[in-house]
Asks: 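Let me give you the structure first, and then I'll get to my questions.
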Amino acid sequence: MKEKPNFDCDKYRQIAQMAQMGWWESDLKNRQYICSDFIIDLLGLESDRISFEDFHGRIREDHRKRLRNEFFSLTNIETYEQMFPIKAKDGEVWVYSKISYKQPDEEGYRNIIGYLQCIDKQTEETNTPIDFLQVNSLLYQQNNISHSLLAFLQSDDITEIINKILDDLLRQIKGDRTYIFEIDRENKVQSCIYEATAEGISEELEFLQNVAWDDSLWWDRQISEKKSIILNTLNDMPAEAQVYRDTLEAQDIKSVMVVPLLSKDKVWGYMGIDMVRTHRNWSNIDHQWFSSLGNIISICLQLRKAELQANEDRQALDHSEKILRNIYKNLPVGIELYDKDGYLVDMNDKEIEIFGLSDKNEALGVSLFDNPNIPKDVKEKLRARENVDFSINYDFSKIDKYVKSHRGDIINLTTRVTPLYDSQNQFINYLFINIDTTETTTAHTKIQEFENLFLLIGNYAKVGFAHFNIMTRDGYAQDTWYRNLGEKENTPMPQVIGVYSHVHPEDRDVLMTFVRGVKEGKNTSLSKEVRVNRGNGKYSWTSINVMVRDYRPQDGIIEMLCINYDITPLKETEQKLIIARDKAEELDRLKSAFLANMSHEIRTPLNSIVGFSSLLAETDDREERQEYIKIVEANNELLLQLISDILDLSKIEAETFDFVYTDVDVNDCCREIIKSMQMKVKGDVELTFEKYMPECHIHTDKNRFTQVITNFINNALKFTRQGSIALGYEQTSPQEIKFYVRDTGLGIPKENLDNIFERFVKLNTFAQGTGLGLSICKSIVTQMGGKIGVESTEGEGSCFWFTHPY
């Protein structure tokens with residue numbers, strides 16, 4: 001007989017490739033997985049084997065620990081399935097894996113076989129994102145409930161099972177202490193009979209024996225009335241519960257959830273969970289799941305007690321079955337049960353609520369294969385009796401002919417379908433577990449909208465946010481955070497934290513010292529203004545605020561939160577305010593000195609005028625009279641100049657400094673000034689008019705123009721004892737002329753050049769004058785459209801100049 005060609009193997013490979021699916025088998029002896037071609041290609045392996053450590057290390061960190069805990073908590077089942085993200089050859093992908101245990105081999109190793117399939121993180125029809133972590137968590141809770149029931153039924157060691165359930169409960173909720181109390185009403189005491197604690201949390205079981213019980217007190221009354229106690233914070237407790245609050249505070253408890261445990265509709269005890277290290281806002285799902293576990297524990301404890309009794313009380317068994325039914329009815333997820341042909345035979349209360357029915361009888365008998373909302377590919381898998389997980393937007397407007405519902409909206413529904421078999425492995429039912437994730441999806445959308453708004457505000461206000469784990473060197477930061485530190489967006493955070501290459505060296509040392517202190521557990525917060533190099537040697541200012549949010553180095557966690565913002569405009573404004581303040585204080589000081597000086601400056605010429613005027617009347621000597629007249633005239637001019645400066649200053653401050661513009665012959669005007677000033681020249685000083693053009697006319701106020709030059713020459717005469725004083729001008733551009741007065745006098749110290757034109761400044765307190773002349777000259781020149789300045793060398797002379805439009 002001719003042998004049949006072996007085409008099946010190639011076909012199976014093609015089908016597996018199309019379905020993005022491959023198989024694997026564990027080798028416990030060598031701690032390796034043996035993989036099919038698809039998985040080898042997906043993960044980029046060099047052979048068909050990969051070690052346990054390498055494979056688990058590829059699972060994304062936020063799922064890795066959860067999967068490990070679930071795996072070891074579910075070792076008593078024959079199959080297990082899960083979804084998770086894994087690092088593949090071409091990047092991260094989501095995969096679905098289902099496993100099955102094999103019989104032990106000859107050496108006793110109970111190896112595992114299973115398959116792995118790539119899945120899309122979005123549904124095909126709705127493109128709606130699925131919160132896999134939330135869904136897996138809820139599904140895990142349901143698995144936990146069912147496996148807890150199974151463990152009670154299979155084990156004779158009640159204490160071991162309850163302790164295991166309590167330990168698993170702590171891991172799932174991330175709590176600190178969970179316990180069960182039994183109430184002895186006859187003796188009016190209560191005692192802790194089971195307790196599980198997280199690492200680092202003290203055990204209290206031996207101290208909580210025979211504690212007084214009083215139904216009239218708040219805590220005991222709540223439990224007796226079958227009411228749960230849910231405290232997000234101890235502030236939720238009423239005033240009458242102060243005694244219990246003091247007890248909880250003494251144990252450093254921050255949040256508590258307690259549910260009563262029932263037997264025959266009576267409370268025989270309670271189960272509770274404490275949060276010690278942090279607060280927790282308990283959700284409705286937390287409470288329902290915790291209550292369900294409490295009910296299971298309560299039922300199973302009572303059932304076990306009944307089994308130990310010689311004659312099992314039938315009524316108690318019926319009551320327990322009733323509670324089990326209540327658990328089924330009141331589970332926080334919807335449950336549907338279809339027969340083997342796909343017709344609905346039962347549903348719980350949550351399912352009735354989800355689908356908007358008044359009674360389950362309105363839907364009993366409908367076929368799941370007629371439901372228009374279930375995708376065709378899902379129906380095909382169900383006909384093949386496969387386990388199916390899917391998420392859809394369930395549109396109630398499409399099921400009007402399928403079933404009558406009070407709802408007409410659209411919800412996000414996540415569903416797991418499991419085929420059920422009897423003891424003879426005969427298929428008997430489809431079990432649907434439905435979770436309404438609409439609220440979760442809406443919350444996720446709102447969080448995303450808030451995050452986008454936060455980013456927008458952060459960019460506008462130049463505020464950046466980042467968090468970073470020093471131990472793992474992982475973190476996340478906004479673009480604004482990078483820019484505020486002078487870094488490029490999306491730079492790996494380890495290249496920023498602890499490096500700070502663009503921060504000023506002095507500030508960098510402070511930041512790096514803080515990071516080292518955080519690692520050593522010495523520092524917890526920092527607030528620092530730092531200088532950031534923006535290039536070309538220019539620095540901007542950034543305010544950095546850092547705090548340590550989570551310090552658990554033993555768990556590989558030292559997490560820091562950092563908020564920074566650009567304060568360069570604030571720093572610039574601050575600097576301007578400091579300069580303005582200093583200037584105002586200096587002006588105030590100078591003004592006070594000016595007022596004190598003015599009383600002396602005005603009194604001096606007045607005394608001379610009054611005194612020598614009296615002497616004129618008493619002397620007959622002609623020469624003596626002429627001398628007195630000269631003294632009186634000189635003091636008159638000085639007094640006139642003082643009053644003129646004060647009046648000019650008042651006009652400047654009142655902004656009434658008037659200008660009358662006419663055509664002015666510059667050469668004639670300068671010659672007149674030199675001629676009038678010649679009489680004031682003393683000693684070996686020569687006053688000249690030099691370096692001028694043959695003809696020059698400007699449009700200006702002649703009196704103000706003359707006032708500036710005259711003031712320059714007067715100042716030169718005061719401080720020049722020999723040499724020369726020269727007035728001149730030159731054309732520096734087609735639109736500008738520069739006038740100057742150069743002397744060979746005492747000169748001005750370099751440190752005084754910057755404030756020589758300020759009000760009330762007198763470099764020589766012994767020289768006559770108000771200290772206003774140059775300030776008035778500056779105001780005149782500025783208002784005429786020019787600039788004013790001075791060049792001077794101490795001991796050699798000075799050159800005062802100003803420009804005028806030409």
Asks: Ignoring hydrogens and angles, tell me if any N or O in the side chain of T524 forms a donor-acceptor pair with the backbone of V548 under 3.5 Å.
Replies: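 Side chain of T524 to backbone of V548: no pair is present.
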Asks: side-chain contact (heavy atoms from CB on, under 4.5 Å) for I86 and R60? Distances and angles first, verdict last.
Replies: CA-CA 6 Å; I86 190 169; R60 201 169 74 193; over 6 Å; no
Asks: D168 vs R171, test: salt bridge (Lys or Arg N to Asp or Glu O under 4.0 Å). Steps then yes/no.
Replies: CA-CA 5 Å; D168 190 60; R171 285 196 301 272; 3.1 Å; yes
Asks: Side chains of D474 and N469: do they bring a donor and an acceptor to under 3.5 Å?
Replies: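 On atom types as modelled, these side chains do not qualify, holding no pair under 3.5 Å.
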Asks: Under 3.5 Å, is there a donor-acceptor pair between the T513 and R516 side chains?
Replies: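 Looking only at side-chain atoms, R516 and T513 do form a donor-acceptor pair, the distance falling under 3.5 Å.
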Asks: Minimum heavy-atom separation for V496 to Y482, with atom names?
Replies: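 So the two residues come closest at CG2-CE2, 4.2 Å.
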Asks: Say whether, by atom type as modelled, one donor and one acceptor occur between the side chain of T233 and the main chain of N235 under 3.5 angstrom.
Replies: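 It does hold such a pair.
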Asks: Side chains of F84 and S97: closer than 4.5 Å at any heavy-atom pair?
Replies: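 Contact flag for F84/S97 side chains = yes.
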Asks: Roughly how far, to the nearest 0.5 Å, is the CH2 atom of W282 from the CE atom of M275?
Replies: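 M275 atom CE to W282 atom CH2 measures 5.5 Å (nearest 0.5 Å).
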Asks: Quick one: sort the Y115 and Y96 rings into parallel, tilted or perpendicular, breaks at 30° and 60°.
Replies: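 Y115 vs Y96 ring planes: tilted.
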Asks: Treating S527 as the side-chain partner and N545 as the backbone partner, does any N or O pair qualify as donor plus acceptor under 3.5 Å?
Replies: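 No; judged by distance alone, with no hydrogens or angles, the pair does not exist.
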Asks: Can you sort out the partners of E203 under side-chain hydrogen bond (donor to acceptor under 3.5 Å, both in side chains), two or more places apart, ordered by chain and number?
Replies: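 Once residues adjacent in sequence are excluded, E203 has no partner under the side-chain hydrogen bond (donor to acceptor under 3.5 Å, both in side chains) criterion.
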Asks: Kindly indicate, with the supporting measurements, whether the criterion salt bridge (Lys or Arg N to Asp or Glu O under 4.0 Å) is fulfilled by E353 and K350.
Replies: CA-CA 5 Å; E353 175 189 335; K350 186 65 177 180; 3.6 Å; yes
Asks: Ignoring hydrogens, what is the shortest heavy-atom contact between C562 and I544? Give both atom names and the distance.
Replies: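 Answer, listing the atom of C562 first, then I544: SG-CG2, 4.0 Å.
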Asks: Looking only at heavy atoms, what is the nearest atom pair of Y551 and E520, with distance?
Replies: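 Shortest heavy-atom contact: OH-C, 3.9 Å.
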Asks: Go through S224 and Q222 one step at a time and tell me if the side chain to side chain donor-acceptor pair (under 3.5 Å) criterion holds.
Replies: CA-CA 6 Å; S224 295; Q222 291 285 108; over 6 Å; no
Asks: Could you walk me through whether M547 and M560 pass the side-chain contact (heavy atoms from CB on, under 4.5 Å) check?
Replies: CA-CA 6 Å; M547 72 171 184; M560 298 189 303; over 6 Å; no
Asks: Using only atom types and a distance under 3.5 Å, with no angle test, would you say the side chain of T178 pairs donor to acceptor with the backbone of L166?
Replies: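 A pair under 3.5 Å: no.
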Asks: Any side-chain donor-acceptor pair under 3.5 Å between N412 and Y394?
Replies: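 Their side chains do not contain a donor-acceptor pair, so the 3.5 Å distance test is not met.
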Asks: Report yes if some heavy atom in the side chain of M237 is under 4.5 Å from a heavy atom in the side chain of Y244; otherwise report no.
Replies: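 M237 reaches Y244 side chain to side chain.
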Asks: Side chain of N348, backbone of V333: donor and acceptor closer than 3.5 Å?
Replies: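 Here the side-chain-to-backbone pair exists.
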Asks: Between atom CG of L262 and atom NZ of K226, what is the distance when rounded to the nearest 0.5 Å?
Replies: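 L262 atom CG to K226 atom NZ measures 6.0 Å (nearest 0.5 Å).
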Asks: Side chains of V243 and R245: closer than 4.5 Å at any heavy-atom pair?
Replies: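 Side-chain contact under 4.5 Å: no.
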Asks: Got more than 12 heavy atoms from elsewhere within 6.0 Å of CD, E225?
Replies: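 Buried by this count: over 12 neighbours within 6.0 Å.
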Asks: Any luck finding a side-chain donor-acceptor pair between N295 and S298 under 3.5 Å?
Replies: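 Note: N295 and S298 side chains miss the donor-acceptor criterion.
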Asks: Decide yes or no for R31 and E53: does some side-chain heavy atom of the first lie under 4.5 Å from some side-chain heavy atom of the second?
Replies: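 Counting from C-beta outward, R31 and E53 do come under 4.5 Å.
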Asks: So Y33 and F52, would you call those rings parallel, tilted or perpendicular, with 30° and 60° as cut-offs?
Replies: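 Ring orientation of Y33 relative to F52: tilted.
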Asks: Just wondering, do L116 and W24 contact through their side chains at under 4.5 Å, heavy atoms?
Replies: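 Touching, per the 4.5 Å side-chain cut-off.
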Asks: Kindly give the heavy-atom pair with the smallest separation between W268 and I193, and that separation in Å.
Replies: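 For W268 and I193, the tightest heavy-atom pair comes out as CZ3-CD1, 4.2 Å.
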Asks: Taking the side chain from R473 and the backbone from P494, do they hold a donor-acceptor pair closer than 3.5 Å?
Replies: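 Pair found, side chain donor or acceptor close to backbone of P494.
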Asks: Look at the side chain of K254 and the backbone N and O of V276, then say whether any donor-acceptor pair between them is shorter than 3.5 Å.
Replies: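 At least one qualifying donor-acceptor pair exists.
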Asks: Answer whether the closest heavy-atom distance between the side chains of W218 and I229 falls below 4.5 Å.
Replies: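 With C-beta onward as the side chain, the pair touches.
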Asks: Working to the nearest 0.5 angstrom, can you tell me the gap between L337 CG and L431 CG?
Replies: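 The CG atom of L337 sits 6.5 Å away from the CG atom of L431.
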Asks: Could you tell me whether the side chain of R58 and the main chain of L43 form a donor-acceptor pair under 3.5 Å?
Replies: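 Yes, because the side chain of R58 sits within donor-acceptor range (under 3.5 Å) of the backbone of L43.
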Asks: Strictly distance-based, threshold 3.5 Å: is any side-chain N or O of D236 a donor or acceptor partner for the main-chain N or O of N232?
Replies: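 Yes, the answer is positive, given that a donor and an acceptor are paired below the 3.5 Å cut-off.
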Asks: Would I273 and V256 satisfy side-chain contact (heavy atoms from CB on, under 4.5 Å), going step by step from the backbone distance to the final call?
Replies: CA-CA 6 Å; I273 185 165; V256 178; over 6 Å; no
Asks: Quick one: pull up CG in L231 and CG in N281 and give me the separation to the nearest 0.5 Å.
Replies: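 Answer for the CG-CG pair, L231 versus N281, is 12.0 Å.
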Asks: Might you point out which heavy atoms bring N210 and S191 nearest each other, and give the distance in Å?
Replies: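 Closest pair (atom of N210, atom of S191, distance): N-OG, 2.9 Å.
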Asks: Would a 4.5 Å heavy-atom cut-off, applied to side chains only, mark L261 and I180 as touching?
Replies: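 Result yes, sub-4.5 Å side-chain heavy-atom pair found.
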Asks: Locate the shortest heavy-atom distance separating A88 from L42; write the atom from each residue and the value.
Replies: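 Residues A88 and L42, closest heavy atoms: CB-O, 3.3 Å.
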Asks: Between N434 (side chain) and I354 (backbone), is there a donor-acceptor pair under 3.5 Å?
Replies: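 Not at all, since once roles are kept as given, no pair shorter than 3.5 Å links the two residues.
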Asks: Distance from W219 atom CH2 to T247 atom OG1, nearest 0.5 Å?
Replies: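 So the CH2 of W219 and the OG1 of T247 are separated by 9.5 Å.
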Asks: Given the rule in the side-chain contact (heavy atoms from CB on, under 4.5 Å) test, do Y179 and V258 qualify, once you have shown the distances and angles that lead to the verdict?
Replies: CA-CA 9 Å; Y179 45 85; V258 175; 4.0 Å; yes
Asks: Are the charged groups of D215 and R221 less than 4.0 angstrom apart, N to O?
Replies: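 Looking at D215 and R221, the cut-off is not met.
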Asks: What orientation do F181 and Y270 show, parallel under 30°, tilted 30 to 60°, or perpendicular over 60°?
Replies: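 The rings of F181 and Y270 lie parallel, inter-plane angle below 30°.
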Asks: Between T491 and E489, does any side-chain donor sit less than 3.5 Å from a side-chain acceptor?
Replies: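 No - no donor-acceptor pair under 3.5 Å links their side chains.
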Asks: Once rounded to the nearest 0.5 Å, what's the spacing between atom CD1 of I558 and atom CD1 of I470?
Replies: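 Going from the CD1 atom of I558 to the CD1 atom of I470 covers 5.5 Å.
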Asks: Would you say the side chain of V417 lies within less than 4.5 Å of the side chain of F390, judging by non-hydrogen atoms?
Replies: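 Yes, close enough: below the 4.5 Å cut-off.
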Asks: Side-chain donor-acceptor pair under 3.5 Å between D479 and W481, yes or no?
Replies: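 Side chains of D479 and W481: no pair found under 3.5 Å.
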Asks: What I want to find out is whether D62 reaches R64 closely enough, with some N-O distance under 4.0 Å, to be called a salt bridge.
Replies: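 Result for this pair is no, no salt bridge flagged.
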